[in-house]
Amino acid sequence: MHSNGISTDTYALCGSITASSSLRNVEFGKQIHSHVAKSGWISSVFVGSALIDLYAKSSLIADAAVMFDEIPLKNSVCANALLSGFCEAKLWIEGLELVRKMPGLNLDYDHFTLSAMLRACTGLSAIDLGRQVHGYLIRKVYNLADDVFLQSSLVEMYGKCGLVMKALQVFNFAGMRWGGEKRRDVVLWTSMLGVYGRNGHFEEGILLFEEMLKEGIEPDEVAFVTVISACGHTGQIQLGLEYFDCMSRVYKLIPGPEHCSCVVDLLCRAGEVERAVKVVNEMLGEGRNKCSVSLWVALLSACSDGGNVELGEYAAKRALELDPQNVGVYVQLSNLYARLEMWDEIGQLRDTMKQRGLKKDSGLSWIQVTS
DNA sequence: GTAGGGTTAG
């Protein structure tokens, strides 16, 4: 269109930018950006928001922030686009700072803002602020029960802070108002399922999954990861395998590496290492190439827990053949050696990692203590 | 008629 000399307008520009965003083609988006800068449409808040979104989704958060600053007449939409970029990048403090600046810029909080704030609270385990946002929602948002995004953000926030009953209360409230209507979608159900899982309530999680099926909600890939993992924790091998099987048979979903490793983990937890190896081989035989690394890693992880050196080393070798840069494999193998006090082997492993220029990230965690 | 949100195991 442009090369034919036809002038573009903001509608066409927004369309092209969102298209390059969904195709994950940042380069094309950047080209449009420089074109926009010359055309004079750069001050359009519509075009600006689309560009912020493109940069934020391409992990170019600094570029997104610059774009935001350059929009002369800002509105909530462009602020929210940057805000969700911060949350996506786990820059929760930066996100909350932006939220604090919004009133001064004459920007109102809407559902998008509040849902992103809750995500930041979840990331920071900031229960006090999270409660304040919930209070604000109850007071100011009359149609809270209509918004599954806000509901699931609340469920996640309470769950992350360990308040399982509060999460359940929100989840039940979301279902209550609509009686027979299916207002709770699969993501909201999965959020609650995940809260149970992360807090060790695996039995309840499995029951909730069954309840979801009874309500006629179609489970997705994420729901299956969570429920198969829950089965692993309760030792319900048969049930876990049935879920794995019905994923493709009944729901026509293609199991990914994460499902395969859940199944391996489930079998190994139950001490069925032989059977796990058999499953790995079967899966590889079926040509699930994408699964192969994670299958060996899952097997290695299980061997690490059980102190099975021989099989662990074999699994590590196979995993590294496929992905030599995988630091996780070295860490797992090192854990296995440490468990059995095989210090010489750990030394060798460190040397190998150094030679290959690999480094393990150090861990970090924090919580807020409820006052 | 254009732009922005929530779920994944180990």
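Quick caveat: nothing in here was measured; it's all calculated off a predicted structure. Naming: A, B, ... by sequence-line order, numbering from 1 per chain.
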Roughly, in whole Å, what's the span from CG in A/Leu137 to P in B/dG6? 16 Å

Contacts of type salt bridge (Lys or Arg N to Asp or Glu O under 4.0 Å), residue A/Asp245, not counting sequence neighbours: A/Arg249

Regarding A/Lys74, tell me which of base, sugar-phosphate or nothing describes its non-hydrogen contacts under 4.0 Å with the strands shown. nothing

note: A/Leu188, atom CG; B/dG6, atom P; distance rounded to Å ~ 14 Å

Using a cut-off of strictly less than 4.0 Å between a heavy atom of the residue and any atom of DNA chain B, enumerate the qualifying residues of residues 308-316 of chain A by number. none

If we ignore hydrogens and angles and just use 3.5 Å, is the side chain of A/Ser301 paired with the main-chain N or O of A/Val297 as donor and acceptor? no

Taking atom types as they are modelled, would you say the side chain of A/Ser153 forms a donor-acceptor pair with the base of B/dG6 within the 3.5 Å cutoff? no

Using the six-membered base ring of B/dG5, report whether A/Phe149 stacks on it, requiring centroids under 5.5 Å and planes under 30° apart. yes

If I take atom CG in residue A/Leu295 and atom C1' in nucleotide B/dA9, what distance separates them, rounded to the nearest angstrom? 13 Å

Roughly how far apart are A/Thr113 OG1 and A/Met102 CE, rounded to 0.5 Å? 4.0 Å

Return the residues of residues 221-240 of chain A meeting this criterion: a heavy atom under 4.0 Å from some atom of DNA chain B. Order them by number, or give none. A/Val222, A/Val225, A/Ser229, A/His233

Base, sugar-phosphate alone, or nothing: which one does A/Ser84 contact when heavy atoms must sit under 4.0 Å apart? sugar-phosphate

What integer distance in Å separates A/Ile71:CD1 from B/dA3:P? 14 Å

Just wondering, are more than 12 heavy atoms of other shown residues or ligands nearer than 6.0 Å to CD in A/Glu204? yes

Considering residues at least two apart in sequence or located in another chain, which fulfil the ring-ring contact (aromatic ring centres under 6.0 Å, His included) criterion with A/His134? A/Tyr158

Counting any heavy atom closer than 4.0 Å, what does A/Thr10 reach on the DNA or RNA strands: base, sugar-phosphate only, or nothing? base

Report, one line per pair, each donor and acceptor closer than 3.5 Å where one atom sits in a side chain of residues 220-230 of chain A; sequence neighbours left out.
from: A/Asp220; atom 1: OD1; to: A/Val222; atom 2: N; distance (Å): 3.3
from: A/Asp220; atom 1: OD1; to: A/Ala223; atom 2: N; distance (Å): 3.0
from: A/Thr226; atom 1: OG1; to: A/Val222; atom 2: O; distance (Å): 2.8

Just distance, no hydrogens or angles: give the donor-acceptor pairs under 3.5 Å from side chains in residues 48-70 of chain A, sequence neighbours left out.
from: A/Ser49; atom 1: OG; to: A/Val45; atom 2: O; distance (Å): 2.7
from: A/Asp53; atom 1: OD1; to: A/Lys57; atom 2: NZ; distance (Å): 2.4
from: A/Asp53; atom 1: OD2; to: A/Lys57; atom 2: NZ; distance (Å): 3.1
from: A/Tyr55; atom 1: OH; to: A/His33; atom 2: ND1; distance (Å): 2.7
from: A/Ser58; atom 1: OG; to: A/Leu54; atom 2: O; distance (Å): 2.6

Hey, does A/Leu150 reach any base, or is it just sugar-phosphate, or nothing, if we go heavy atoms under 4.0 Å? base

Looking at A/Glu156 and A/Arg198, is any side-chain nitrogen of the basic one under 4.0 Å from a carboxylate oxygen of the acidic one? yes

Regarding A/Thr18, tell me which of base, sugar-phosphate or nothing describes its non-hydrogen contacts under 4.0 Å with the strands shown. sugar-phosphate

Is there a donor and acceptor pair closer than 3.5 Å between the side chain of A/Asp147 and the base of B/dG6? no

OP1 or OP2 of B/dG10 less than 4.0 angstrom from a side-chain nitrogen or oxygen of A/Arg269, does that happen here? yes

